[in-house]
Amino acid sequence: MLQCIFLLSDSGEVMLEKQLTGHRVDRSICDWFWEQAVSQGDSFKQLPVVASPTHYLFQVFREGITFLACTQVEMPPLMGIEFLCRVADVLNDYLGGLNEDLIKDNFVIVYELLDEMIDNGFPLTTEPNILQEMIAPPNIVSKMLSVVTGNSSNVSDVLPGATASRVPWRTADAKYANNEVYVDLVEEMDAIISRDGVLVKCEINGEVQVNSHITGIPDLTLSFANPSILDDVRFHRCVRFRPWESHQVLSFVPPDGQFKLMSYRVRKLKSTPIYVKPQLTSDGGTCRVNVMVGIRNDPGKTIDSVTVQFILPPCVLSADLTSNHGTVNIFSDKTCTWSIGRIPKDKAPSMTGTLVLENGLERLHVFPTFRVGFRIMGVALSGLQIEKLDLLKSVPYRFYKGFRALTQAGEFEVRS
């Protein structure tokens, strides 16, 4: 049972406090938490559960905001962590992003959402589709009406349709003229490449995202051609676990609208779609930089939105960098971004230039790590393939379905 939820900014300011039970948690717990976070650095943010002198604390860090929950009683730690993740996801969907200004501009909606999502310390309604029926997302019209009428509440007077449904995540009387389901495979590639060009780590973190608009209460099955490659699968609550355990088939009654059906991981991939070869040679107080980018394994689809980013070492006083393709920008915080876009077929993009080191330093001793970004539409680099999507019961309407795939770079790092 959770007793309180706090939202903290990057500076440790308490932006929002929500007491969940009759036992009030004092704000001083946030001061203790922030002192530990400052003294221990980034390693502290990676601890999902922290034991303070008086409470157990659960923390989730998203986009510069710390979601902090407190309890004094024994409870499953994953319940607290999962609930905070759900809160962060719902706020991101409602507000169109997640940052300090959006939270402060929509205090009323945030409090209303928390009122519906948790009751007396126990999670209650966490489905985004149902919450949107109960609490209207913010828009310009609703804000103008609240100013004119003085009524700032966004809570609907009518219960959501899912309260009368035998499946709590779906409206019972959904009706559509066009019945359709679209399935997207969205993957992120995490890779670490050593300074010698050796692939140290390469894996895919993926999601199966579904957009469902079907009349009634449909029963769907989704099967893959090669489900054995999947690790660390995690399902939406609508998925029946027994068919997956026995036949690796997803059997489910989908929520209405967009939702994440499952997430997965594919480990130990052998190669990456592009290569980045940095060369840094320093002597006499300067450092010469040469970075080349090209296609290593052609996925058969266009690789676009290619970027290379790195942070100049503190000992660098100035930098003069140019490229034969794309644009190079150096910002005040010493972040250098090379925006390439699409890799041309007739030449390999390269960035060259010189870094001037501070006085008294002959050679560069701290070498930057290059973070790479890219985007490939129409292909899942994990090799995962959807075999078929079926509707179990016969229905009197036509049923349309579509499939797409997208792979983009996640934590893709090249060391120099």
Side-chain angles (χ1 to χ4, degrees), residues 62-64 92 96-99 184-195 197-207 269 271-280 287-314 316 318-355 364 366-382 404-416:
R62 295 277 186 89
E63 304 295 336
N92 185 62
L98 204 56
N99 58 55
D184 293 334
L185 295 181
V186 181
E187 299 187 340
E188 288 191 351
M189 174 175 280
D190 296 342
I192 297 176
I193 301 172
S194 71
R195 60 182 300 176
V198 177
L199 188 61
V200 178
K201 166 194 169 184
C202 186
E203 64 182 28
I204 291 285
N205 292 299
E207 295 179 353
L269 298 181
S271 63
T272 60
I274 65 175
Y275 66 81
V276 177
K277 295 180 179 179
Q279 293 181 343
L280 285 80
C287 178
R288 291 175 295 280
V289 179
N290 182 20
V291 182
M292 293 187 63
V293 177
I295 298 175
R296 183 186 300 275
N297 290 305
D298 191 347
K301 299 289 184 178
T302 302
I303 305 175
D304 58 12
S305 303
V306 179
T307 59
V308 178
Q309 186 181 81
F310 65 98
I311 298 176
L312 298 173
V316 174
S318 63
D320 181 18
L321 300 171
T322 60
S323 67
N324 66 351
H325 186 82
T327 59
V328 180
N329 294 304
I330 302 175
F331 300 97
S332 58
D333 60 353
K334 290 193 171 184
T335 298
C336 177
T337 301
W338 178 21
S339 301
I340 300 172
R342 293 186 179 182
I343 299 177
K345 295 182 178 180
D346 56 341
K347 63 178 179 179
S350 65
M351 178 180 66
T352 58
T354 304
L355 309 180
L364 187 66
V366 179
F367 293 91
T369 297
F370 294 81
R371 297 177 63 89
V372 183
F374 61 83
R375 189 168 179 267
I376 310 174
M377 286 293 299
V379 64
L381 290 183
S382 66
R404 293 186 304 184
L406 165 68
T407 302
Q408 55 194 3
E411 297 293 327
F412 196 110
E413 297 183 351
V414 180
R415 295 169 180 170
S416 61

Results of side-chain contact (heavy atoms from CB on, under 4.5 Å) for [X] - residues two or more places apart only:
X	answer
Lys301	Ile376, Val379
Asn324	Lys347, Pro349, Ser350
Arg342	Thr302, Asp304
Asp333	Phe331, Thr335

Nearest 0.5 angstrom please: [X] [atom1] to [Y] [atom2], how far?
X	Y	atom1	atom2	result
Ser339	His325	OG	NE2	10.5 Å
Ile311	Arg371	CD1	CZ	8.5 Å
Ile330	Leu355	CD1	CG	8.0 Å
Ile295	Lys345	CD1	NZ	7.5 Å
Thr369	Glu413	OG1	CD	6.0 Å
Asn297	Leu269	CG	CG	11.0 Å

* Enclosure of Arg415 CZ (heavy-atom neighbours >12, cutoff 6.0 Å) ->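 At most 12 heavy atoms, drawn from other residues, nucleotides or ligands, come within 6.0 Å of this atom.
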Could you tell me if the side chain of [Y] sits less than 4.5 Å from the side chain of [X], heavy atoms only?
X	Y	result
Met377	Leu406	yes
Asp184	Arg404	yes
Leu280	Pro368	yes
Thr322	Thr352	yes

Can you give me the closest heavy-atom contact between [X] and [Y], atom names plus distance?
X	Y	answer
Val293	Trp338	CG2-CZ3, 3.7 Å
Pro313	Lys334	O-NZ, 3.6 Å
Asn92	Leu98	OD1-N, 3.8 Å
Ser271	Cys202	O-SG, 3.8 Å
Leu321	Cys336	CD1-SG, 3.6 Å
Ile303	Phe374	CG2-CB, 4.1 Å

Show me the donor-acceptor pairs, under 3.5 Å and distance only, between side chains in residues 186-195 and residues at least two apart or in other chains.
{"from": "Glu187", "atom 1": "OE1", "to": "Leu381", "atom 2": "N", "distance (Å)": "3.2"}
{"from": "Glu187", "atom 1": "OE1", "to": "Ser382", "atom 2": "N", "distance (Å)": "3.1"}
{"from": "Glu187", "atom 1": "OE1", "to": "Ser382", "atom 2": "OG", "distance (Å)": "3.3"}
{"from": "Glu187", "atom 1": "OE2", "to": "Tyr264", "atom 2": "OH", "distance (Å)": "2.6"}
{"from": "Glu187", "atom 1": "OE2", "to": "Ser382", "atom 2": "OG", "distance (Å)": "2.5"}
{"from": "Asp190", "atom 1": "OD1", "to": "Glu411", "atom 2": "N", "distance (Å)": "2.8"}
{"from": "Asp190", "atom 1": "OD2", "to": "Asn205", "atom 2": "ND2", "distance (Å)": "2.8"}
{"from": "Ser194", "atom 1": "OG", "to": "Asp196", "atom 2": "N", "distance (Å)": "3.4"}
{"from": "Ser194", "atom 1": "OG", "to": "Val198", "atom 2": "N", "distance (Å)": "3.2"}
{"from": "Ser194", "atom 1": "OG", "to": "Val198", "atom 2": "O", "distance (Å)": "3.4"}

* Decide side-chain contact (heavy atoms from CB on, under 4.5 Å) for Met351 and Val308; before the verdict, give the C-alpha distance in whole Å, the side-chain angles of both, and the deciding distance to 0.1 Å. => CA-CA 10 Å; Met351 178 180 66; Val308 178; 5.5 Å; no
* ring-ring contact (aromatic ring centres under 6.0 Å, His included) with Phe310: which residues, sequence neighbours excluded? ->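 Phe310 satisfies ring-ring contact (aromatic ring centres under 6.0 Å, His included) with Phe370 only.
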